[in-house]
Amino acid sequence: MLTLQYLQQNTEHIVERLKTRNQDYRELIDQIKQLDEERRSRQQEVNDSQAELNNLSKQIGQLFKEGRTDEANKVKEQNAKLKESVKEGQQRLHAIEEEIRSLMVQIPNVPHETVEQGKGEEDNVLVRQNGQAPDLGQDALPHWELAKKHDIIDFDLGNKITGRGFPIYKNEGARLQRAMISYFLDKAREQGYQEVQPPLMVNEDSAFATGQLPDKEGQMYQVPIDNFYLIPTAEVPVTNIYRDSIVEEKDLPLKLTAYTPCFRREAGSWGKEVRGLNRVHQFDKVEIVQIDHPERSYETLEAMTSYVESLIADMGMPYRVMRLCGGDLGFAAALTYDFEVYSSAQDKWLEVSSVSNFTSYQANRLKLRFRQEGKKKPQLAHTLNGSALALPRLLAAMLENYQEEDGIRVPEVLQKYTGFSSIKRKEEGR
RNA sequence: GGAGGAAUGGCGGAGUGGUCGAACGCGGCGGUCUUGAAAACCGUUGUCCGGUAUCCCCGGACCGGGGGUUCGAAUCCCUCUUCCUCCGCCA
């Protein structure tokens, strides 16, 4: 969430920029500012009374020690009244604080100056496009048919085991995914990212800190008996590693990478859009996360963007980079680039990565700060993350783009990891 | 899952009702000494909120979280969480 200080000092700018998200937050912000004023005066009252209370208590102790019991008891009575009012004041203060908080979490992050207003996906801005779509001819098959033909993904079996959106990868399909995971992790490590394996379930605090709660619980699978959530992305557990912590300025940036399965309920999706691997409930992803200095975070975003781009280019996939418009931008993000690969048999662009700068929005919830050289007060860090990369749609596009008459070619960079250079159906004996 | 014990500042570890934001040690920072460094010695050392106040100053809060008793709680009570020991189960 935003900080109150920022909200107080930059109201106009914030209201203006938030309009790119197609909403007017002025009223809400004014309400918060008003409440904050009330909070301050209450706080002052409570503080003063408390100071007096502390003083009197000390006096009582002193009087008892000196044996002046009567006087002590008198002060005690006086104290009792004061105590009542302090308690009342505190309760009111807490109520106000709670109200402010509940309003604060309704304000999304302020979009970066390059973010344009727009309704949704259709208004995202094309930043770059690269790579050549293969000429496949009339007989090109969509990936779900290729998957069946070569026996590498079984959607029906997944339906049986769990339900729609939980495919079972088999044979070269399974091995190709494993290869991609290793490849992406190795690449990330070369870039200086520390590899971690986080939990796949998180508690409420973690889900709140990265912005999934309070509003998006419907998108996550829940484990109610333990009050856990299955992670929708590694961003959640990985970023939360640094919740409630103060790091040294010289240690920035902190760079982490993790491979995890991701679980998304994606309620309300159906039809052609979700065919095959286009949208699934469980998928594998390698995530990169950076925690960096506020002065550098946008440069870092660009660096992460180029890195993701290089991964896609190295696999020879046609892709484009989109800058999300205000209407499509995530709640906690200030700037997001989406990466889409072209899936030629479907003639569709599939999103395989999303790289975002959350500025201090998550950090504020995380209480993630860094200590600045020469300054006493710690300052909020900036958090960034990106997929590098999400597997299923990449696999879908790969199958389609690299299909040949007698099989599917494996991108050269992956061959060292797969141990095979093409996928061919074997007649028997798997 | 059952029984018992514990949780204190960056770390270790005192403190069982007031004078405790908290002894002492380590670490960190600053200084003296030294050509430099080490050692030794001296000093300093958290976070949050508020006071028109990023540093200084003042008030308040914080001894795992929440609640309670009390004029007064790190200290007593309740509750939750986590950790340790023993037992059970287990890849």
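Convention: sequence-line order gives letters A, B, ...; per-chain numbering from 1. The model shown is predicted, which means the values in this text are computed figures rather than measured ones.
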When the P atoms of B:C76 and B:G17 are compared, how many Å lie between them, rounded to an integer? 8 Å

Take A:H94 and A:I60, find for each the nucleotide of RNA chain B with the closest heavy atom, and name the residue whose nucleotide sits nearer the 5' end. A:H94

Determine the interatomic distance between P on B:G30 and the same-named atom on B:A38; round to the nearest Å. 12 Å

Could you tell me the Watson-Crick or G-U partner of B:C41, where both distances fall under 3.5 Å? Say none if there is no partner. B:G31

For B:G9, which nucleotide is its Watson-Crick or G-U wobble mate, given both distances must be under 3.5 Å? none

Its 5'-most and 3'-most nucleotides having an atom under 4.0 Å from a non-hydrogen atom of chain A, RNA chain B is contacted over B:G18 to B:G72

What is the ring orientation for A:F263 with A:Y221, classed by angle as parallel under 30°, tilted 30 to 60°, or perpendicular over 60°? perpendicular

Does the structure show a Watson-Crick or G-U wobble partner for B:G21, both distances under 3.5 Å? Name it, or say none. none

Which class fits the ring pair A:Y417 and A:Y183: parallel under 30°, tilted 30 to 60°, perpendicular over 60°? perpendicular

Are there more than 12 heavy atoms of other residues, nucleotides or ligands under 6.0 Å from atom NZ of A:K33? yes

Check every strand shown and say whether A:R371 touches a base, only sugar-phosphate, or nothing at a heavy-atom separation below 4.0 Å. sugar-phosphate

Does A:R40 come within less than 4.0 Å of A:E37, counting only side-chain N to carboxylate O? no

Distance check, P atoms only: B:C63 and B:G10, in whole angstrom units. 13 Å

Parallel, tilted or perpendicular: which describes the rings of A:Y298 and A:H112, with under 30° parallel and over 60° perpendicular? tilted

Atom C1', compared across B:G21 and B:U45: separation rounded to whole Å: 13 Å

I'd like to know if A:E248 and A:K250 make a salt bridge, using a cut-off of under 4.0 Å between side-chain N and carboxylate O. no

Under the 6.0 Å and 45° cation-pi test, does A:R101 pair with A:F208? yes

Which residue, A:Q5 or A:E52, contacts RNA chain B at a nucleotide closer to its 5' end, judged by nearest heavy atom? A:Q5

Watson-Crick or G-U wobble mate for B:A3, both contacts under 3.5 Å: B:U85

For atom C1', what is the distance between B:A74 and B:C20, given to the nearest Å? 8 Å

Just to verify, which of A:Q44, A:E45, A:Q50 counts as forming a side-chain contact (heavy atoms from CB on, under 4.5 Å) with A:D48? A:Q44

Tell me which nucleotide, if any, is Watson-Crick or G-U wobble paired with B:A61 when both distances must be under 3.5 Å. B:U47

With rounding to whole Å, what would you report as the distance between B:U19 and B:G25 at their P atoms? 23 Å

What does A:Q50 touch in the nucleic acid at a heavy-atom separation under 4.0 angstrom: a base, only the sugar-phosphate, or nothing? sugar-phosphate

Name the pairing partner of B:G36, where a pair is Watson-Crick or G-U wobble with both distances under 3.5 Å, or state none. none

B:U85 and B:G13: how far apart are their P atoms, nearest whole angstrom? 15 Å

Distance between the C1' atoms of B:U79 and B:C71, in whole angstroms? 26 Å

When both hydrogen-bonding distances must be under 3.5 Å and the geometry is Watson-Crick or G-U wobble, what is B:A14 paired with, if anything? none

